[in-house]
Amino acid sequence: MEEENNIPKVYDPAEVEKKWYAYWIEHGYFHQPVDRSRKPFSVVIPPPNITGKLHMGHALDNTLQDILVRWHRMMGDNTCWLPGYDHAGLATQIKVEEELKKKEGLTRYDLGREEFLKRVWKWKEEYGDRIVTQLKSLGISCDWDRQRFTMDEGLSRAVREAFVSLYEKGLIYKGTRIINWCVNCRTALSDVEVEHQDDDGHLWYVKYPIEGEKDRYLTIATSRPETIPGDTAVAVNPDDDRYKDLVGKQVRLPIMDRLIPIVADEYVDVKFGTGAVKITPAHDPNDYEVGQRQKLDSITVIGLDGKMTKESGRYEGQDRYECRKNIVKDLDDLGLLVKIEDAPHAVGHCQRCHHVVEPLISTQWFVKMKPLVKAAVECVEDGRVEFVPNRFTKTYTTWMDNIHDWCISRQIWWGHRIPVWYCDDCGAQMASRTDLTECPKCHSKHIHQDEDALDTWFSSGLWPFSTFGWPDKTDELKQFYPTSVLVTGYDIIFFWVARMITLGMEFMKDIPFHHVFIHGLVRDEQGRKMSKSLGNGIDPLEVVDKYGADTLRFMLITGNTPGNDMRFYWNRIEATRNFANKIWNASRFALMNLDGYDAKAKRAPFTLADQWILSRLQHTIKDVTSFLERFELGEAGRLIYDFIWGEVCDWYIELIKPRLYNKENPEERATAQYVLCKVLGDAMKLLHPYMPFITEEIWQHLPHEGSSIMIAPWPVADEALMNDDVEASMTVMMDAIKAIRNMRAEVNAAPGKKAPAIILADETFRPVFEAHKEYVQRLGTVDTLTLGDSRDAAPENAMTAVVNGAKVYLPLKGLIDVEKELARLQKEADGAARELKRVEGKLSNENFLSKAPEAVVEKERTKKTEIETRLNGLNEQMEQLRKL
RNA sequence: GGAACUAUAGCUCAGAUGGUUAGAGUACCACGUUGACAUCGUGGGGGUCACUGGUUCGAGUCCAGUUAGUUCCACCA
């Protein structure tokens, strides 16, 4: 062994990845200043929460972005990928509160607003960029110089501007309405932050005595008996004959002993329950509506703490669920409980803490959405903003069409405080871009700011432009807005995408991005969602440690299709790792045979193999690029994989070995070296967006121009090098070689040793075989190869295969089991006959001939001839065998 | 109650504008250490493309319906 080369046989990503990431940072490749002369390509990262820990979703999301960004950077676009993170108001506050409770046994109220916020900032400084560090280990090429945080001064200014501007237009208002209240988080929530799930519930049927009529009752069904103290009416459908005479009368509300009216309202479904509904405007959104229509009072019986208020009489102070039990019991004791039915019930839960959300009447800030969404819907419907895959357009537009006003105030401290001040003296309410110290109306110093903070999504909704300096008119904004593409999961279309489009159209009068590239979820091997509670999450960093970021990235991108969920399979990780190792060894082979290589040295003309691989390379470049243009990242990746492994490694490298090993002919050797470098180099470029590290490592070893593959120009397909004749010739040779291998394996002939073969080729391909005998000898493990004309008589005692353009024989005297061989040939012939029948059927169909395009018909004709030739060859051979 | 998605080899998945002998990886079987790679090579078996109709010269691909599964939206007490 004279293996002087010290490149390891097995690729070890750990060190390589660390090295190159540092190198890229050091050279500032991720950062590009604004260059108005070049086409922009910009992406803003979906900002991870500062509380976040990297999970598979992030890995997928950011790899997708990185592939697009790296590709466009290589294409020469003025590329900007802006990173950052989100303060995540409620989520972060909960986290810090938990820590405070655990470590010091304190609540935020113990500390007070100012001190508590100091703690959150401290927490943010300590842990806030942990996720950013984790992202870096994936190899993503964000411009870290442009990193933003939603609570930065600049972004906070944008929030102020947006709020005040909407306020001045009357699109933000303060109102007292029924809202979603989390009794655990003690804050209002928007509709999208409430997750509905079917819980096991019951329907309690309760008799309400009708006033003035002895022993007559109206029976209602309720899933929430604890709200009975808040009832202010009972409603029936106006067309319900059962109850027509009762409308206008009153019932005596059980327990509370209060008279409430019986009203008629369309809302009531005659067929459901008893057809009579108790109305509690303060604790049910529907009842609230009915209450508005019927001008009913509303009585709040459940407080902000989830406990019964004094309006509930003797239940005051009880927890809402405890009260439920007690009321049911009391009703039973009174003989008013008719029956209890099991009934699944859709109950709203807080997205953050999962406690049951309570509908309550409360004074909050809202954004009036209807006037805003018009432009946001239009720009999607007319295609200015394009969802990929397209089906998410419908998800988006139907949601937007049914939009309700957006509750944006939160009773939390961490976040952007609502920029509204109230004058204690004159009662004025004013929104202001700057902090106020006195009332602009009466000049009183007795003013105070609204206590609430804004929904986190209000600031994230401004992200595509606030990050580039809005409301200032910066160069960045001019160049990079609208951004090119937004990459995100389908789970936050409503939370985030919809808001960005809405607010972008409002404030920038332009779309925030041209494409929304939606991906699915990464699930576990059984297809379950990865979650903390199941403990089935796989840490991306663990995969990176064990197999490298390149492997994780490639695995996440290939083997699934845009917008669909995918499963995480260790076994696919291993397969991808093997691919990385394959690339590694192919380049290792190249490097070991590159000694004395001089790109300028005199070269021999290209051989068939050279022309073939160069032709295949051009097609690969063309197809990969067009798949990338259509966001078909998985398909593009697959093409690169197939090209490298299936064509370069399996065929080309094997074919050029003799030339590389033979130092007696330097010109031929130089040609092989040149083509190998060219093909590997371009392949590395195509693969670079997917596997940035290993491609950089290899590219740096290969002869190259420039300082990094990541800024090397993206390959352009050279049409002049695409050669159909060459590809056809190689295909025939490859088919013949495969036929030889196949036959030898069938009879297990001379395993590992060379054996003779005979090929009778037709006139088109005979010269090809003659010129490249050694291809067949080498890859078919053949010693003597006898060539002849396809019209020559077939050799006796030989196994046969017929491929398009040639007949292949293995003279395996003694090894052939005539019966088995006949069976094998018969099977082949049967297949060919079946196929022939189908083709003939087509070709004898008048409709096919007249209606199908000429090219398709022609194709069928050639197919027919080919099959016939093959079939004849097989039949001939079988006849001969039968004579033996 | 609406809507979307999925259904292709034992398993995980690809199959753009309808025309391939329907593919890959993995698993399985056989053979193989020829100077990149056993994280490898060669060969093989394995699919009535969920079902039923329709459109078409031609359907895994388009349309309608059925079944099964997943998900999102929705105020039925």
Side-chain angles (χ1 to χ4, degrees), chain A residues 1-3 5 7 9-11 196 203 220-224 235 267-269 271-280 284-289 343 345-346 359 389 391-392 394-395 398-399 402 490-491 493-494 520-521 525 527 558-561 563-567 569 571-572 574-593 626-627 630 632 634-635 638 641-642 646 649-650 653-654 657 661 738 741-746 748 751-754 778-779 781 831-832 834-835 838 842 845-853 855-857 859-860 863 867:
Chain A
M1 285 291 267
E2 48 154 353
E3 203 177 294
N5 204 311
I7 304 174
K9 281 170 115 171
V10 171
Y11 175 63
H196 291 274
L203 270 185
I220 58 95
T222 179
S223 59
R224 305 198 55 199
Y267 155 71
V268 182
D269 182 348
K271 291 189 216 77
F272 190 89
T274 60
V277 188
K278 68 191 233 16
I279 302 295
T280 322
D284 183 282
N286 297 308
D287 293 8
Y288 181 78
E289 301 274 318
H345 189 50
R391 64 186 137 93
F392 290 103
K394 203 175 167 188
T395 313
T398 44
W399 189 73
N402 299 309
Y490 56 69
D491 47 336
I493 291 177
F494 304 139
L521 263 42
E525 296 202 5
T558 51
N560 90 320
T561 202
N564 287 358
D565 290 353
M566 66 172 308
R567 297 190 197 197
Y569 257 81
N571 139 356
R572 287 190 48 224
E574 275 177 32
T576 311
R577 184 268 320 267
N578 294 351
F579 175 52
N581 196 53
K582 185 77 182 176
I583 302 166
W584 179 249
N585 277 293
S587 62
R588 190 166 152 264
F589 167 80
L591 296 174
M592 287 178 356
N593 290 286
S626 92
F627 273 127
R630 299 197 307 261
E632 297 271 7
E635 281 296 280
R638 191 181 55 77
Y641 178 101
D642 289 346
C649 294
D650 289 351
I653 285 183
E654 293 307 324
K657 276 178 176 173
Y661 295 155
K738 282 189 255 185
R741 289 166 172 173
N742 177 343
M743 286 187 285
R744 289 176 51 135
E746 288 289 342
N748 200 4
K753 293 199 191 75
K754 292 186 177 177
R778 186 170 172 78
L779 298 194
T781 334
R834 263 198 309 275
E835 221 182 308
R838 239 200 30 227
K842 268 192 183 179
N845 183 334
E846 270 310 313
N847 279 322
F848 176 71
L849 295 176
S850 58
K851 289 184 182 167
V856 173
V857 177
K859 210 167 148 192
E860 291 299 318
K863 203 190 277 176
I867 301 169

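The structure presented is a predicted model; accordingly, all values stated were derived computationally and were not measured. Proteins get letters first, then strands, A, B, ... in listed order; numbering begins at 1 in each.
Residue ring and nucleobase are not stacked for A:F272 and B:A77 under a centre distance beneath 5.5 angstrom and an angle between planes beneath 30°.
Using a 4.0 Å heavy-atom criterion, one finds that A:R567 contacts the sugar-phosphate atoms exclusively. Backbone-only contact: A:K738 has heavy atoms under 4.0 Å from sugar-phosphate atoms and none from a base. Contacts of A:A575 with the nucleic acid, taken as non-hydrogen atoms under 4.0 Å apart, involve only primed sugar atoms and P, OP1 or OP2. Nucleic acid contact for A:S223: sugar-phosphate only, since backbone atoms but no base atoms lie under 4.0 Å from a heavy atom of the residue. Within the nucleic acid shown, A:T561 comes within 4.0 Å of sugar-phosphate atoms alone, with no base atom in reach, counting heavy atoms only.
Atom CZ of A:R572 sits about 5.5 Å away from atom OG1 of A:T558, to the nearest 0.5 Å. With rounding to the nearest 0.5 angstrom, the CG atom of A:N585 is 8.5 Å from the NZ atom of A:K9.
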**OP:** Quick one: do A:K863 and A:E860 satisfy salt bridge (Lys or Arg N to Asp or Glu O under 4.0 Å)? Show the steps, please.
**Re:** CA-CA 5 Å; A:K863 203 190 277 176; A:E860 291 299 318; 3.4 Å; yes
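The side chain of A:R391 approaches B:C5 more closely than any other nucleotide in the set B:C40, B:C73, B:C5. Closest contact between the side chain of A:R588 and the listed nucleotides B:C37, B:U26, B:C40 involves B:C37. The A:F494 side chain lies nearest to B:C73 when the options are B:C73, B:A77, B:U12. Taking only side-chain atoms of A:E632, from C-beta outward, the nucleotide of B:A14, B:G15, B:C75 with the closest atom is B:G15. Listed nucleotides: B:C13, B:A14, B:G43. Nearest to the side chain of A:A745: B:G43. For A:Y661, whose side chain is taken as the heavy atoms from C-beta onward, the closest listed nucleotide among B:U39, B:G35, B:A14 is B:G35. Nearest to the side chain of A:K9, among B:A3, B:C37, B:A77, sits B:C37. Comparing atom distances between the A:D650 side chain and each of B:A16, B:C5, B:U42 picks out B:U42 as nearest. Among B:A36, B:G44, B:A77, the nucleotide with an atom closest to any side-chain atom of A:E746 is B:G44.
Distance CD (A:E574) to P (B:A24): 21 Å, rounded to an integer number of Å. For the pair A:N581 CG and B:A38 C1', the interatomic distance rounds to 10 Å; values are reported in whole Å. At whole-Å resolution of the value, CG in A:D284 and P in B:A77 are 9 Å apart. Atom CG in A:D269 sits about 12 Å away from atom P in B:G1, given to the nearest Å. Computed from coordinates, the A:R744 CZ to B:G44 P distance equals 15 Å when rounded to whole Å. A straight line from CG of A:N560 to C1' of B:G15 spans 14 Å, rounded to a whole angstrom.
Between A:K753 and B:G32 there is no side-chain N or O to OP1 or OP2 distance below 4.0 Å. Side-chain nitrogen and oxygen atoms of A:K394 include none within less than 4.0 Å of the OP1 or OP2 phosphate oxygen of B:A3. Checking the phosphate oxygens (OP1, OP2) of B:G43, a side-chain nitrogen or oxygen of A:R741 falls inside 4.0 Å. For the pair A:N742 and B:U42, the criterion of a side-chain N or O lying under 4.0 Å from OP1 or OP2 is not met. Contact annotation: A:H345 reaches the phosphate of B:A77 (side-chain N/O to OP1 or OP2, under 4.0 Å).
Between A:F589 and A:Y661, the ring planes are perpendicular. Angles over 60° get that label, and only those under 30° would be called parallel. Note: A:W584 and A:Y11 have tilted aromatic rings, judged against thresholds of 30 and 60 degrees for the angle between ring planes.
Pairing partner, B:C31: B:G41, with both Watson-Crick or wobble hydrogen-bond distances short of 3.5 Å. Within the shown strands, B:C73 is the pairing partner of B:G1 under the Watson-Crick or G-U definition, both distances less than 3.5 Å. B:U48 is unpaired under the criterion used here, namely a Watson-Crick or G-U wobble arrangement in which both key atom distances are under 3.5 Å. Nucleotide B:U26 forms a Watson-Crick or G-U wobble pair with B:G10, both donor-acceptor distances falling under 3.5 Å. Pairing of B:U17, defined by two Watson-Crick or G-U wobble distances under 3.5 Å, is not identified with any nucleotide.
Evaluation of atom-type donor-acceptor distances gives a pair under 3.5 Å for the side chain of A:E654 against the base of B:A36.
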Please write out the pairs of protein N or O atoms and N or O atoms of nucleotides 19-21 of chain B separated by less than 3.5 Å, giving the distance to one decimal.
from, atom 1, to, atom 2, distance (Å)
B:U21, OP1, A:K863, NZ, 3.1
B:U21, OP2, A:K863, NZ, 2.5

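Checked by atom type and distance alone, the side chain of A:R778 never pairs as donor or acceptor with a backbone atom of A:K657 at under 3.5 Å.
Nearest-nucleotide positions on RNA chain B place A:R577 closer to the 5' end than the other of A:R577 and A:G273.
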